[in-house]
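Atoms within each ligand, like the ligands themselves, are counted from 1 in listed order. Predicted, not measured: the structure shown is a model, and the values here were computed from it.
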Amino acid sequence: MSRNRFQNKVALVTGGNSGIGLAAAQAFAKEGARVAIAGRDPETLKQAHATLGANAIAIQADVSKLADIDRVLAQVKKEAGRIDALFVNAGVGHFAPIEASDEAFFDKQFATNVKGAYFTIQKALPLMPKGSSIVINASSVVNLGMPNASVYAATKAAVASLARTLTMELAPRGIRINVVNPGPIETPIFERMGLPAEALKEMGAQIVSQVPLRRFGSPEDIAAAVLYLSSDEASYVHGTSLAVDGGMTAL
Ligand SMILES: NC(=O)c1ccc[n+]([C@@H]2O[C@H](COP(=O)([O-])OP(=O)(O)OC[C@H]3O[C@@H](n4cnc5c(N)ncnc54)[C@H](OP(=O)(O)O)[C@@H]3O)[C@@H](O)[C@H]2O)c1
């Protein structure tokens with residue numbers, strides 16, 4: 001079914017050059033949005049940009065740096081004038097037992113997943129009109145005791161908490177905010193963990209054994225949830241967390 005829920009709307013997706021963010025950016029574009037994406041890797045940004053239509057905007061930026069976030073919002077303001085749907089998605093995930101987690105490991109994940117998300121929202125707000133929407137990409141790990149996820153899960157719990165606070169702060173401005181909690185989704189995030197192929201395969205099988213639907217989700221599974229939460233169909237959905245995890249957190 002072809003739909004046009006985002007005709008004449010502007011969507012900004014951080015981390016829109018890979019995985020879940022790319023699928024969401026493409027879904028927004030397909031439904032008529034003018035899409036802006038931000039990410040670090042110039043090559044994948046260029047490739048993603050080419051799939052998003054002639055008026056899409058692609059901005060190279062590291063969201064752990066406030067000056068880069070400023071640059072992203074300045075360019076979106078200049079080229080598109082506003083943001084109707086903000087998908088706060090850029091993130092990194094690294095797993096290690098607590099004894100093996102050093103300061104750099106901790107700081108890198110908090111700088112991107114928490115500081116990046118926090119200031120992306122803060123700096124986007126002046127461009128967001130009444131009726132606009134924010135979706136934060138957290139994770140099912142927020143509701144699981146997953147071994148080796150102590151830092152990553154803490155970053156995602158932090159942004160889930162941020163969404164809860166902002167539910168109250170943003171309501172008077174007519175801006176909705178919600179969280180999507182993906183389960184295991186097949187994206188490059190796993191290859192980026194630096195594990196040998198065999199260990200990665202083993203980890204994948206172990207994860208799938210904990211998913212009632214017995215499979216990884218696709219980036220499109222999450223994109224569909226993000227578009228719903230961002231659309232006017234969800235105009236009374238505010239401050240919720242939507243699990244899209246094959247039933248993993250229902251166990
Ligand atoms: N895949 C899963 O199973 C899963 C489950 C739950 C939640 N999530 C969350 O989903 C989000 C997207 O992850 P994904 O699975 O789609 O993985 P991915 O393919 O690795 O995508 C991560 C995206 O975030 C961007 N990014 C990372 N650090 C950044 C930074 N400092 N500044 C700007 N952009 C940055 C990446 O851009 P570059 O490539 O340019 O660095 C990339 O576009 C993350 O927040 C992740 O925690 C994923």
Side-chain angles (χ1 to χ4, degrees), residues 12-27 35-49 51-52 58-73 87-95 107-120 123 135-144 146 149 151-160 162-163 179-194 200 203-204 206-208 210-211 215-223 225-226 241-246 248-249:
L12 171 61
V13 180
T14 63
N17 51 330
S18 180
I20 294 168
L22 175 58
Q26 289 170 334
V35 178
I37 57 171
R40 291 174 301 184
D41 180 345
E43 196 45 48
T44 53
L45 259 183
K46 202 168 131 195
Q47 289 164 10
H49 193 185
T51 71
L52 295 173
I59 309 156
Q60 205 261 327
D62 179 341
V63 298
S64 68
K65 297 179 180 154
L66 268 59
D68 280 25
I69 302 176
D70 281 332
R71 206 163 34 73
V72 170
L73 275 314
F87 183 30
V88 184
N89 164 77
V92 289
H94 297 289
F95 295 81
D107 285 348
K108 186 181 176 204
Q109 294 186 76
F110 268 83
T112 302
N113 299 2
V114 183
K115 187 171 104 176
Y118 188 93
F119 287 103
T120 296
K123 291 168 185 293
V135 177
I136 299 182
N137 197 348
S139 170
S140 56
V141 298
V142 170
N143 298 310
L144 293 167
M146 186 184 280
V151 175
Y152 179 68
T155 66
K156 295 302 187 178
V159 290
L162 169 64
V179 172
V180 65
N181 282 333
I185 308 301
E186 210 162 344
T187 73
I189 204 168
F190 292 97
E191 291 146 35
R192 295 184 203 240
M193 286 176 189
L200 207 55
M203 184 177 136
Q206 212 269 334
I207 290 173
V208 164
Q210 294 169 28
V211 178
R215 66 170 175 89
F216 270 65
S218 69
E220 290 73 24
D221 288 327
I222 307 305
V226 172
S241 293
L242 180 55
V244 186
D245 64 2
M248 197 178 190
T249 47

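Side chain of D221 to backbone of S218: a donor-acceptor contact under 3.5 angstrom is found.
A distance limit of 4.0 angstrom between heavy atoms and ligand 1 selects the residues G15, N17, S18, G19, I20, G39, R40, D41, A61, D62, V63, N89, A90, G91, V92, T112, N137, A138, S139, Y152, K156, P182, G183, P184, I185, T187, P188, I189, F190, R192.
Atom CD of E186 is surrounded by 12 or fewer heavy atoms from other residues, nucleotides or ligands within 6.0 Å.
For S241, the side chain to side chain donor-acceptor pair (under 3.5 Å) criterion is met by no residue, not counting sequence neighbours. Annotation: ring pair (Phe, Tyr, Trp, His ring centres under 6.0 Å) contacts of F95 (sequence neighbours excluded): Y152. Listed by chain and residue number, nothing satisfies the ring pair (Phe, Tyr, Trp, His ring centres under 6.0 Å) test with Y118 (two or more places apart in sequence, or in another chain).
Residues V142 and V179 are not in side-chain contact: their nearest non-hydrogen atoms beyond the backbone lie 4.5 Å or more apart.
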